[in-house]
Each structure stands twice: as C-alpha cells, then as structure tokens.
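Read through the structure below, which is laid out as structure tokens, and then see the notes.
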Amino acid sequence: MKRVIEQTEDGSATLFVPELNEHYHSVKGARTESQHIFIDMG
C-alpha cells in the first residue's frame with residue numbers, strides 16, 4: 001500500500017494511506033493528539 005506523508009494543522013506530520021482514505025494521526029496534528037491523550041487526559 002502506498003503511504004504519503006502529510007503535514008497536519010499543527011505543523012507535525014502524519015501518514016496517509018490513499019487506498020483506505022485513512023490518516024494515522026488526527027489531521028488536527030500528531031503533536032496535538034499526543035498532548036491531549038497522554039498529557040492532558042493522562
């Protein structure tokens with residue numbers, strides 16, 4: 001499967017798989033997602 005590196009809203013990068021129309025991280029940002037899940041909510 002093809003994977004494309006895309007920039008997210010917070011400037012961090014995520015992988016996008018066109019065949020599945022799926023991003024690995026939130027399009028809001030990998031950094032923002034990690035901050036929310038592991039720091040703010042943890």
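As the structure is a prediction and not an experimental result, all values here were calculated from the model. When reading the values below, keep in mind they use all heavy atoms of this one structure, side chains included, and skip hydrogens, waters and symmetry mates.
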Item to check | Verdict with supporting geometry, V4 and L15, side chain to side chain contact (heavy atoms under 4.5 Å, CB included) | outcome: CA-CA 6 Å; V4 179; L15 291 175; over 6 Å; no

Next on the checklist: If you compare all heavy atoms of A13 against all heavy atoms of A30, which two are closest, and at what distance to 0.1 Å?
Outcome noted: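 Scanning both residues, the minimum pair turns out to be O-CB, 3.8 Å.
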
Checklist entry - Taking all non-hydrogen atoms of both residues, which atom of V27 and which atom of T8 are closest, and how far apart? => result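 Taking every non-hydrogen atom into account, O-CB, 3.4 Å.
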
Checklist entry - With sequence neighbours left out, which residue pairs that include part of residues 3-37 fulfil the ring-ring contact (aromatic ring centres under 6.0 Å, His included) condition? => result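 Qualifying pairs: F16-H23.
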
Next on the checklist: For residues 24-35, which residue pairs pass the salt bridge (Lys or Arg N to Asp or Glu O under 4.0 Å) check, not counting sequence neighbours?
Outcome noted: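 Checked against salt bridge (Lys or Arg N to Asp or Glu O under 4.0 Å) - neighbours excluded - the pairs reaching residues 24-35 are E9-K28.
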
Under the rule for side chain to side chain contact (heavy atoms under 4.5 Å, CB included), what residues qualify as partners of [X], not counting sequence neighbours?
{"X": "E19", "answer": "M1, K2, V17"}
{"X": "Q35", "answer": "I39, D40"}
{"X": "S34", "answer": "F38"}

Checklist entry - In Å and rounded to the nearest 0.5 Å, what is the CD to OG1 distance from Q7 to T14? => result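 That separation rounds to 11.5 Å.
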
Item to check | Non-neighbouring partners of T32 that pass side chain to side chain donor-acceptor pair (under 3.5 Å), sequence neighbours left out | outcome: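 Here the qualifying residues are D10.
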
Item to check | Neighbour count above 12 (heavy atom, 6.0 Å) for L20 CG | outcome: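 Yes, CG of L20 has more than 12 neighbouring heavy atoms, counting only those of other groups under 6.0 Å.
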
Item to check | S12 side chain vs G29 backbone, donor-acceptor pair below 3.5 Å | outcome: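 Between the backbone of G29 and the side chain of S12 there is no qualifying donor-acceptor contact (under 3.5 Å).
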
